[in-house]
Amino acid sequence: MTFSFRPVHDDPRLAALVEGLRDYLEGELADYENERGITRETRLTRADLEPVWRRSRELGFYGIHLPEEYGGQGIGNTWLAALKEEAGASGRVLGHSVLGDMGGPLRAGDILRHATPRQLETHLLPLVRGERACCFSLTEADAGSDVRAMTTTAVRDGDGYRLSGRKVFSSAGPFADFAIVVARGADTENTFSAFLVDLDSPGCRVLDGATPMSGEHIESDIVLDDCFVPRAHLLGEEGEGLKIALGRVTTNRLLHCPSAIGAARRALQLTRDRALTRKAAGGQPLMALQSIQHKLADMATDLYAARSMTYAALVALDNGADVRAEAFMCKLFVAEAAFRILDQAVQIHGKEGLTQGNEIEYLFRKTRMFRILTGTSEIQRNGIAKSLATLT
């Protein structure tokens, strides 16, 4: 894998997909954002996102990872990662909606294989088509890394269940029609089940969630107060909730990395361009200063290392290998390396890098979050150490 701001892929089909995605991101989607005045500070609405879902579906990108029977192209994780990296590197505000991260097929995860024919018809196939949207509701205020500490309960009631509790950080909640909710069985300590909960159900409220440091208004709290959920909305069997929720944790951990790599790639290119054009004291470009050269060299090396290890692990995953340890390593290294890149990018941009509205300042805040979200760096180190203890 060679180093480039616009990676070249050997497989002709993948190369064509990447080029088509770049054309859409840099052309039609950029024009759409400009026409609607969408910036990183915009409080997005469902009306902003739905046209992107539909158009991305028409172009074949929305749900592209799904099997052909669901309208996807059945691409592997490595190819999906290449597309996620391009979306992350595009600088587009709505890049998260093109492949289905924001309330779409990627947000739903791997639950299609657990769904009944009725659940596919009423909830998941409309989701795949961009007609409905969902959020994933697992986290609670006092149950983050330790999901088994959740207090949301499901009590059997006739031909259904009564759910009570409060979920936080439900990404895409402001745009969703239904949530995938994991709740504890009320009569057990360690039995968890997963449900499809329509967000307009009696006893269910969607509240504005906390605004993360990125400034994005994409989180909701899902408050359940004796909310009745019919048994037909139970995903899988009772007691399989955590298995369903965490069943693809290794894959998901790896697939979060390309988005951060794309953001870091974008930051490095913007910083390189600034170093070539910005004048330092004395009239010479910043790039002529060895201190700047060394910063850029370290940034590029971190990016190359992050990309190389991530794609190596993804190739192994697609070939059927057990890459749990490698997934921990990739999440740890990518999160820390991407933050180092953005920290230096802010430094080189100077005051502009500290100014709200500047893309580098936004990417810094967004990238800092990745060291905590989807598993903190400390959790990744725990996983790596556990893997080492049993390594032969």
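Hydrogens, waters and symmetry mates play no part in the numbers below; they use all other heavy atoms, side chains included. Residues: numbered from 1 along the sequence shown.
- Sequence neighbours left out, the pairs with a member in residues 111-127 that pass salt bridge (charged side-chain N to carboxylate O under 4.0 Å, His left out) are Asp110-Arg113.
- For the residue pair Thr271 / Gln344, no side-chain donor-acceptor distance below 3.5 Å is found, with atom types taken as modelled.
- Ala335 and Arg371 make their closest contact through O-CG, 3.6 Å (heavy atoms, listed as atom of the first residue, atom of the second, distance).
- Under the 4.0 Å criterion applied to side-chain N and carboxylate O atoms, Asp322 and Arg324 are assigned as salt-bridge partners.
- Looking at Ser193 and Leu234, their side chains come closer than 4.5 Å, going by heavy atoms from C-beta outward.
- Under the rule for a side-chain hydrogen bond (donor to acceptor under 3.5 Å, both in side chains), the partners of Arg265 that lie at least two apart in sequence or sit in another chain are Glu85, Glu86.
- For residues 137-183, every residue pair satisfying the ring pair (Phe, Tyr, Trp, His ring centres under 6.0 Å) rule, not counting sequence neighbours, is listed here: His123-Phe178, Tyr161-Phe195.
- Here Arg46 pairs with Glu50 in a salt bridge; the nearest charged N to carboxylate O distance falls below 4.0 Å.
- A continuous path of ILVMFWY side-chain contacts below 4.5 Å connects Leu59 to Met102, so both sit in one hydrophobic cluster.
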Donor-acceptor list for residues 63-72 side chains, cut-off 3.5 Å, not counting sequence neighbours:
none

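- Side chains of Asp298 and Thr301: no donor on one and acceptor on the other come within 3.5 Å.
- Between Glu41 and Gly357, the shortest heavy-atom contact is OE2-CA, 4.2 Å.
- Put simply, the side chain of Glu216 reaches to within 4.5 Å of the side chain of Lys366, judged on heavy atoms.
- Shortest non-hydrogen contact noted between Gly76 and Asp318 is C-OD2, 3.8 Å.
- Under the 4.5 Å side-chain criterion, counting only non-hydrogen atoms from C-beta, Lys84 is in contact with Asp101.
- The shortest side-chain heavy-atom distance between Thr211 and His217 falls under the 4.5 Å cut-off.
- The two atoms that bring Lys167 and Ser170 nearest to each other are CB-OG, 4.2 Å, heavy atoms only.
- Considering only heavy atoms from C-beta on, Arg22 stays 4.5 Å or farther from Leu25 through its side chain.
- The cationic group of Lys243 does not satisfy the cation-pi geometry with Phe192, failing either the under 6.0 Å distance to the six-membered ring centre or the 45° limit from the ring axis.
- Sorted pairs that involve residues 381-392 and meet side chain to side chain donor-acceptor pair (under 3.5 Å), not counting sequence neighbours, are lacking altogether.
- Other residues, nucleotides and ligands contribute over 12 non-hydrogen atoms within 6.0 Å of the CG atom of Asp31.
- Within a 6.0 Å radius of CD in Glu19, other residues, nucleotides and ligands contribute more than 12 heavy atoms.
- When side chains are defined from C-beta on, Ser201 does not count as touching Phe228, because their heavy atoms never get closer than 4.5 Å.
- Between Arg166 and Glu140 no salt bridge is recorded (no basic side-chain N to carboxylate O distance below 4.0 Å).
- Annotation: side chain of Leu80 is in contact with side chain of Leu106 (closest heavy-atom distance under 4.5 Å).
- More than 12 heavy atoms of other residues, nucleotides or ligands shown are found within 6.0 angstrom of CZ on Arg55.
- Applying the ring pair (Phe, Tyr, Trp, His ring centres under 6.0 Å) definition to pairs two or more places apart or across chains, none involves residues 255-314.
- Cluster annotation: Ile222 is not connected to Val168 through the hydrophobic network of ILVMFWY side chains, with a link wherever side-chain heavy atoms come within less than 4.5 Å.
- A salt bridge is absent between Arg92 and Glu28; no separation between the charged side-chain nitrogens and carboxylate oxygens falls under 4.0 Å.
- Classification of Arg54 and Glu58 as a salt-bridged pair fails, no side-chain N sitting under 4.0 Å from a carboxylate O.
- Taking 4.5 Å as the limit, some side-chain heavy atom of Ile180 sits within range of a side-chain heavy atom of Leu196.
- No more than 12 heavy atoms of other residues, nucleotides or ligands lie within 6.0 Å of CZ in Arg205, so this atom counts as exposed by the packing criterion.
- Using modelled atom types, one side-chain atom of Asp177 and one backbone atom of Ala133 make a donor-acceptor pair closer than 3.5 Å.
- Taking a 6.0 Å sphere around CG of Asp142, one finds it holds 12 or fewer heavy atoms contributed by other residues, nucleotides or ligands.
- Heavy-atom contacts from other residues, nucleotides or ligands closer than 6.0 Å to CD of Gln293 number more than 12.
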